[in-house]
Amino acid sequence: GIPQAPPPAVAMRKSTRTLDVGGVLVGGGAPVSVQSMTTTVTADINATLQQIAELTAAGCQIVRVAVPSQDDAAALPIIAKKSKIPVIADIHFQPKYVFAAIDAGCAAVRVNPGNIKKFDDKIAEIAKAASAAGTPIRIGVNAGSLDPRLLTKYGKPTAEALVESALWECSLFEEHDFRDLKISVKHHDPVVMIRAYRLLSEQCDYPLHLGVTEAGPAFQGTVKSAVAFGALLSEGIGDTIRVSLSAPPVEEVKVGTAILESLGLRERGLEIVSCPSCGRAQVDVYKLAEEVTAGLEGLPVPLRVAVMGCVVNGPGEAREADLGVASGNGKGQIFVKGEVIKTVPESQIVETLITEALRIADEMGAE
Ligand code: SF4
């Protein structure tokens with residue numbers, strides 16, 4: 001097989017407490033995990049499990065489901081049991097569903113201090129039940145639903161306000177000796193969000209769940225999340241991530257995974273190194289890169305494939321990759337591990353790269 005150098009570490013991870021979220025460790029130096037959230041009605045058990053299966057296949061490691069009604073709460077035991085990845089129940093307003101989620105065997109429960117006025121009186125009971133069941137709790141503060149008391153104090157959901165809300169809620173749990181907590185302080189503005197997580201990271205050692213909330217449609221949300229997570233993770237801040245997109249949740253998982261791969265926090269899967277093309281290009285690089293990407297999608301091995309438009313950087317990049325093409329004069333030089341193995345006409349570049357990639361993957365022991 002092809003030896004893979006370990007990815008360069010982006011930064012020393014900040015040391016946080018470790019949580020066991022249904023078998024996935026979060027914090028304490030455990031690999032940063034990728035989360036998403038289902039968009040189905042949770043009470044529709046089949047649809048929800050189907051979507052969880054799709055998310056799992058895409059690489060999602062922890063999934064969250066919304067629990068706004070009794071019917072949703074009633075669906076939790078089956079969903080938690082049948083899902084192949086840990087299920088977190090997302091609860092606002094109704095403390096009784098927290099107990100239902102714990103009883104259902106959910107891997108964790110997310111609560112929002114801004115929406116849990118009635119919760120504060122119930123913290124002792126929640127801490128007791130969660131402690132007995134070994135269920136961690138995420139304190140999920142959101143700029144859009146900040147505790148009114150803090151909104152009055154700060155005037156708007158500033159980074160300081162988000163952090164104060166989260167730490168206040170944590171202190172209520174700490175009073176009952178409950179510390180299996182993780183925290184998120186989400187804001188739609190990456191600048192505020194980054195500041196909030198930095199402050200939080202200085203003030204506590206709970207594992208942190210990163211998220212830019214209401215990040216927007218796929219393009220904008222991807223950019224915002226990549227920028228914000230990139231800044232924080234490169235400082236060692238963040239133990240688990242969720243990319244929020246106004247797009248199907250599988251897209252969130254793909255983006256989240258790609259962010260971790262880009263930062264060397266996750267072994268790279270298939271990586272296409274393609275040039276932006278320029279006036280020197282002698283082939284249609286966009287089309288070539290798209291066709292190669294489509295042809296190799298889902299290949300379960302770390303493979304770097306270079307698709308280069310001309311001979312300026314082409315041979316150099318192609319040589320550095322596991323597999324590559326440097327194009328010119330209507331032909332493509334195909335490189336495998338730095339050696340030109342053949343030269344093919346332009347029309348055969350894509351099929352040759354795909355055949356070679358599959359052969360290499362086979363050698364690497366892919367199924
Ligand atoms: Fe331009 Fe060639 Fe560089 Fe591609 S590899 S950007 S075509 S110079």
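Counting starts at 1 for both ligands and their atoms, following the listed order. Index from 1, following the sequence.
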Is there an N/O/S atom in Cys275 that lies less than 2.8 Å from atom 1 (Fe) of ligand 1?
-> no
Just wondering, more than 12 heavy atoms not from Arg280 lying within 6.0 Å of its CZ? no
Item to check | Electrostatic pair Glu363:Arg359 at N-O distance under 4.0 angstrom | outcome: yes
Per-atom filter on ligand 1: closer than 4.0 angstrom to a heavy atom of Ala281 are 7 (S)
Among non-hydrogen protein atoms, atom 3 (Fe) of ligand 1 lies closest to Asn313 ND2, 3.8 Å
Within 6.0 Å of CG in Asn329, more than 12 heavy atoms from elsewhere:
no
When distances are taken from atom 2 (Fe) of ligand 1, the protein heavy atom at minimum range is Cys310 SG, 2.2 Å
_For Glu261, is there an ion pair with Arg268 - N to carboxylate O distance below 4.0 angstrom?_
no
Atom 1 (Fe) of ligand 1 has as its nearest protein heavy atom Cys278 SG, 2.3 Å
*asked:* Please determine whether a side-chain nitrogen of the Lys or Arg among Glu251 and Lys254 lies less than 4.0 Å from a carboxylate oxygen of the Asp or Glu.
replied: yes
for atom 8 (S) of ligand 1, nearest protein heavy atom and its distance come out as Arg280 NH1, 3.2 Å
